[in-house]
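Values reported hereafter were calculated over all heavy atoms of this structure, with side chains retained and with hydrogens, waters and symmetry mates removed.
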Amino acid sequence: MILTCPSCATRYQIDGGQLSDSGAKVRCHLCSHQWHAQQEDLEEEPVADPVESLRSKLKETSGDADSPGTNGRVSTILLAALLVVVSVAMILWLGRDSLVRQFPGMATFYDSLSFVDSVPGEGLLLTGVRSVSRLDEGTRTLIVEGTVENPTNSEKTLPALQIRLIDQAGEELERWVTPLPRPSLLAGEKVFFSSTLRDAPSVQTEAAIRFIEPE
């Protein structure tokens with residue numbers, strides 16, 4: 001199922017079972033927008049059937065294979081090989097959650113593919129985020145902490161966190177990147193993070209956090 005951020009239109013592929021009938025509060029990893037997502041916000045993602053298309057082409061070409069020459073036979077062999085490759089790719093893609101549950105090591109393989117987790121932190125949730133400001137020997141220190149959760153059914157590689165301080169006028173005052181304490185999270189796991197900024201601005205600010213690729 002596809003869930004689209006109403007602020008920046010970023011699309012996320014999620015398991016529809018993650019949302020209860022009453023919905024859930026979610027945060028966009030790209031723009032940090034928060035909203036209450038409900039079941040009716042989910043969209044079906046149309047999936048083309050390339051296997052059936054290749055079968056049709058194979059049938060059309062099979063007549064040429066009986067004619068003199070090698071062109072028809074070569075075309076048939078190439079289409080048959082392509083049909084096998086596409087079939088295997090579809091099995092790996094559509095059955096990825098089941099495969100990762102049975103063979104956890106395959107999570108690294110899927111993370112290496114460009115079409116899996118193309119958005120840093122896709123599928124992960126930021127919860128319990130809070131900012132604590134204090135004076136330490138005359139220096140203002142800001143501590144930003146929270147939890148990263150993996151509600152999916154497969155292992156997820158953890159990205160880095162980009163933290164921005166926004167004042168009441170919407171201006172960005174500070175920006176920094178902090179790594180997470182672990183390289184990955186298994187299905188259902190969570191990890192606590194805490195990041196400290198010294199010489200923090202004295203004005204009231206809000207911390208906006210998003211996932212980014214580690215530097």
query: Between CG of Leu124 and NZ of Lys156, what distance do you get to the nearest 0.5 Å?
result: 7.0 Å
message: Would you compute the distance between atom OG of Ser194 and atom CD1 of Ile143 and round it to the nearest 0.5 angstrom?
response: 5.5 Å
query: Do the non-hydrogen side-chain atoms of Glu213 and Pro159 ever get within less than 4.5 Å of each other?
result: no
message: Between Leu42 and Ile2, is there a side-chain heavy-atom distance shorter than 4.5 Å?
response: no
query: Do the non-hydrogen side-chain atoms of Val86 and Val84 ever get within less than 4.5 Å of each other?
result: no
- prompt: Do you know which two heavy atoms are closest between Cys8 and Cys31, and how far apart they sit?
  reply: SG-SG, 3.6 Å
message: Let me check something: do Val119 and Leu3 share a hydrophobic cluster, defined by ILVMFWY side-chain heavy atoms less than 4.5 Å apart, either directly or through other members?
response: yes
- request: Could you state whether Val177 and Leu173 fall into the same hydrophobic cluster, counting links through intermediate Ile, Leu, Val, Met, Phe, Trp or Tyr residues with side-chain heavy atoms under 4.5 angstrom apart?
  value: no
- request: Provide the closest heavy-atom pair for Asn150 versus Leu186 in the form atom of the first, atom of the second, distance.
  value: ND2-O, 3.0 Å
field: Straight-line distance of Glu174 CD to Asp167 CG, nearest 0.5 Å
entry: 11.5 Å
- request: Mark yes when over 12 heavy atoms from residues, nucleotides or ligands other than Glu40 sit less than 6.0 Å from its CD; otherwise mark no.
  value: yes
- prompt: With a 4.5 Å heavy-atom cut-off, do Thr178 and Ile163 have their side chains touching?
  reply: yes
Trace of the side-chain contact (heavy atoms from CB on, under 4.5 Å) decision for Thr196 with Leu142: CA-CA 6 Å; Thr196 301; Leu142 181 70; over 6 Å; no
query: Any salt bridge between Arg182 and Glu189, counting N to O under 4.0 Å?
result: yes
- prompt: Under 4.5 Å between side-chain heavy atoms, hopping through other hydrophobics if needed: is there a path connecting Phe193 to Val191?
  reply: yes
field: Minimum heavy-atom distance Ser131-Ala207, with the two atoms named
entry: OG-CB, 3.5 Å
message: If I take atom CZ from residue Phe211 and atom CD from residue Glu122, how far apart are they, to the nearest 0.5 angstrom?
response: 11.5 Å
query: For Glu172, does the CD atom have more than 12 heavy-atom neighbours from other residues, nucleotides or ligands under 6.0 Å away?
result: yes
statement: Interatomic distance, CG@Leu83 vs CG@Leu78, rounded to 0.5 Å, equals 12.5 Å
query: Looking only at side chains, do Ser32 and Arg27 share a donor and an acceptor under 3.5 Å apart?
result: no
task: Can you see which heavy atom on Leu30 is nearest to which on Arg210, and at what distance?
output: O-CD, 3.2 Å
query: Would you call Arg130 and Glu145 a salt bridge, using N to O less than 4.0 angstrom?
result: yes
field: Pairwise side-chain contact, Thr139 with Asp199, heavy-atom cut-off 4.5 Å (strictly under)
entry: yes
query: If you take all heavy atoms of Pro181 and Phe192, which pair is closest and at what distance?
result: CG-O, 3.5 Å
- prompt: Could you walk me through whether Thr4 and Thr10 pass the side-chain contact (heavy atoms from CB on, under 4.5 Å) check?
  reply: CA-CA 6 Å; Thr4 303; Thr10 299; over 6 Å; no
- prompt: Nearest heavy-atom pair of Lys190 and Thr147: which atoms, and what distance?
  reply: CB-CG2, 3.8 Å
task: Can you measure from CD (Gln204) to CG (Leu165) and round to the nearest 0.5 angstrom?
output: 12.0 Å
Val85 reachable from Leu79 in the ILVMFWY side-chain graph, under 4.5 Å edges: no
- prompt: Would you say Val129 and Leu161 are hydrophobically clustered, going by side-chain heavy atoms of ILVMFWY under 4.5 Å?
  reply: yes
query: Any sub-3.5 Å donor-acceptor pair from Asp136's side-chain atoms to Arg140's backbone N or O?
result: no
field: Passing option when Leu185 is tested against Val148, Leu180, Thr152 for side chain to side chain contact (heavy atoms under 4.5 Å, CB included)
entry: Val148
